[in-house]
**Q** 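Here it is: the structure, laid out below.
All heavy atoms count here, side chains included; hydrogens, waters and symmetry mates do not. Letters go in sequence order (proteins before strands), and every chain restarts at 1.
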Amino acid sequence: RKEVEQDPGPFNVPEGATVAFNCTYSNSASQSFFWYRQDCRKEPKLLMSVYSSGNEDGRFTAQLNRASQYISLLIRDSKLSDSATYLCVVNAGGTYKYIFGTGTRLKVLA
Amino acid sequence: ETGVTQTPRHLVMGMTNKKSLKCEQHLGHNAMYWYKQSAKKPLELMFVYSLEERVENNSVPSRFSPECPNSSHLFLHLHTLQPEDSALYLCASSLRQGRDGELFFGEGSRLTVL
């Protein structure tokens, strides 16, 4: 079983739509969770950290479900500029070991 | 100027060549990382250095040899690579680890092994 699993997509959605991605992780000792964004032929960049209580940053909402070992990312009112690959990242126990999922590709269509 | 700089951006080498990838960070971070990104695969953590000491080594073949002379520089020495080693090699740095460890990536070095 992969340590971090994501649906690769692509998710094709119209502008203004709401879209949600899930990510599951296998290591129950994982303590820190993140969403990164990677544009085509660019490096990954941090989108947001995922806190136990859930957190929101503008149109983006991230949630953590420890019991089921998954995290989610919700994007509201999608923009063309949201088109990218969204990478789920998990870190176990305050280490330097950041494990990435394969990413979920999002295409927002005009 | 970007925070993490990688050179060269593109590299083509034969299987018998020896080459090196270089990474420099200008962010004052303590940790530096090498990741490998292949098509349709997740980023694979290769090596991590914290304060110039290797802290993670993920079963990487010995044909890849990292070097961290100081906290701002990281190298990946390449020797007798295989065609399946062709990939994007990403360097990253972070100030801390765990929950507070945001990774800042360079633009990557795209390697092609013939």
Side-chain angles (χ1 to χ4, degrees), chain A residues 1-10 21 23-27 29-55 57 62 64 66 71 84-105, chain B residues 2-6 9-10 23 25 27 29-60 66 68 71 74 87-110:
Chain A
R1 183 182 172 187
K2 292 180 184 176
E3 290 188 76
V4 179
E5 290 207 61
Q6 294 183 254
D7 181 342
F21 312 133
C23 163
T24 58
Y25 59 95
S26 61
N27 185 354
S30 300
Q31 294 186 7
S32 306
F33 310 90
F34 311 86
W35 285 102
Y36 277 69
R37 169 188 170 138
Q38 186 172 24
D39 293 301
C40 188
R41 297 196 169 277
K42 295 283 191 180
E43 72 276 19
K45 293 183 179 178
L46 179 66
L47 178 66
M48 58 198 305
S49 300
V50 186
Y51 304 128
S52 297
S53 55
N55 49 304
D57 183 2
L64 167 64
R66 284 191 187 275
I71 67 173
T85 296
Y86 291 84
L87 304 168
C88 172
V89 184
V90 173
N91 176 276
T95 68
Y96 290 99
K97 194 170 182 179
Y98 294 89
I99 305 301
F100 283 72
T102 50
T104 297
R105 192 168 170 205
Chain B
T2 58
V4 180
T5 305
Q6 290 187 241
R9 295 290 311 281
H10 299 274
C23 177
Q25 59 98 358
L27 300 168
H29 288 171
N30 300 322
M32 295 188 76
Y33 308 71
W34 280 116
Y35 278 89
K36 175 184 177 182
Q37 187 171 34
S38 306
K40 300 190 187 301
K41 287 187 173 183
L43 270 75
E44 299 171 51
L45 180 62
M46 300 177 73
F47 304 102
V48 185
Y49 279 81
S50 173
L51 298 172
E52 300 137 54
E53 280 194 33
R54 194 187 304 182
V55 294
E56 290 285 348
N57 180 357
N58 268 21
S59 301
V60 179
C68 187
S71 58
L74 185 64
L88 181 68
Y89 289 84
L90 289 161
C91 174
S93 70
S94 71
L95 181 61
R96 301 181 184 88
Q97 73 271 30
R99 184 178 59 187
D100 300 318
E102 177 181 354
L103 297 174
F104 290 80
F105 285 88
E107 293 180 292
S109 294
R110 185 160 297 280

**Q** Look at atom CZ of A/R37 and say whether more than 12 heavy atoms of other residues, nucleotides or ligands are closer to it than 6.0 Å.
**A** yes
**Q** In terms of heavy-atom proximity below 4.5 Å to chain B, should A/Y96 be classed as side chain, backbone, both, or neither?
**A**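 For A/Y96, the contact with chain B is made by backbone and side chain together.
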**Q** Is it the side chain or the backbone of A/P8 that comes within 4.5 Å of chain B heavy atoms, both, or neither?
**A** neither
**Q** How about B/L103 and A/Y36: do any of their side-chain heavy atoms sit closer than 4.5 Å?
**A**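 Yes; the side chains approach each other to less than 4.5 Å.
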**Q** Considering only heavy atoms, which portion of A/E5 lies under 4.5 Å from any heavy atom of chain B: side chain, backbone, both, or neither?
**A** neither
**Q** Heavy-atom cut-off 4.5 Å, strictly under: side chain, backbone, both or neither for A/K45 against chain B?
**A** neither
**Q** Would you give the length of the straight line joining atom CD of B/E44 to atom CZ of A/F100, rounded to the nearest 0.5 angstrom?
**A** 12.0 Å
**Q** Among B/L43, B/V4, B/V55, which residue forms the greatest number of heavy-atom pairs with chain A at distances under 4.5 Å?
**A**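 That would be B/L43.
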**Q** For B/E102, is it the side chain, the backbone, both or neither that has a heavy atom under 4.5 Å from a heavy atom of chain A?
**A**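 Both parts, backbone and side chain.
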**Q** Shortest non-hydrogen contact from A/P44 to B/L90?
**A**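 Shortest heavy-atom separation between A/P44 and B/L90 comes out as CD-CD1, 4.0 Å.
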**Q** Among B/Y35, B/F105, B/F104, which one satisfies side-chain contact (heavy atoms from CB on, under 4.5 Å) with A/E43?
**A** B/F105
**Q** Please classify the contact of B/R96 with chain A as side chain, backbone, both or neither, using a heavy-atom distance under 4.5 Å.
**A** backbone
